[in-house]
Amino acid sequence: MKNTPTIIISGIVLSSALAAIYVYGQQSNSTTSTTSSASDSDSSSQQLQQKIVTQAAATQLSILSNRCRGCGKCVRIDPSHFSLNQATRQAVVTSNTNLDSNTLLMAINSCPAAAISLN
Ligand code: SF4
């Protein structure tokens, strides 16, 4: 019975140490996931930069007629490069100039059928 306070204090110290280890482990996990998010962000930034560089070097804009669904989204976003052929119900390219415009990039990325080709 003399050792009872010693046992209780040892238990408290041990449980505090376990709680501290648990909290440290949680912080390490959140730091790792934050690093992973930053890495994802860097990766998408690099992909966007690569698209812009590729777009700047492009000389030919075209519609892949076997893919185009005729939704007209590209025409609504960038009417300076696309129009809709009412007979075929497909998009057509109206201009091959200013191929490095952001509006064109937005239209290309918005096509639900990936039917716009820029080479
Ligand atoms: S957004 Fe794509 S699928 Fe829709 S009309 Fe334009 S090229 Fe065709």
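Order of appearance sets the numbers: ligands from 1, and atoms from 1 within every ligand. Since this is a predicted model, take the numbers as computed values, not measurements.
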Within the structure provided, determine whether Asn98 and Asp100 are in side-chain contact (heavy-atom separation under 4.5 Å).
yes
Closest approach of Ser83 to Thr94 (non-hydrogen atoms, all atoms of both residues):
OG-CG2, 3.3 Å
Can you list everything that forms a side chain to side chain donor-acceptor pair (under 3.5 Å) with Asn66? Sequence neighbours excluded, please.
none
Under 3.5 Å, which donor-acceptor pairs link side chains of residues 72-79 to any protein atom two or more places apart or in another chain?
from, atom 1, to, atom 2, distance (Å)
Arg76, NH1, Cys71, O, 3.3
Asp78, OD1, Ser80, N, 3.3
Asp78, OD1, Ser80, OG, 2.6
Asp78, OD1, His81, ND1, 3.4
Asp78, OD2, His81, ND1, 2.7
Asp78, OD2, Leu104, N, 3.4

Protein N/O/S atoms closer than 2.8 Å to atom 6 (Fe) of ligand 1, ordered by chain and number, come to Cys74 SG
Partners passing side chain to side chain donor-acceptor pair (under 3.5 Å) against Ser117 (at least two apart in sequence or in another chain)
Asn119
Between Thr103 and Ser101, does any side-chain donor sit less than 3.5 Å from a side-chain acceptor?
no
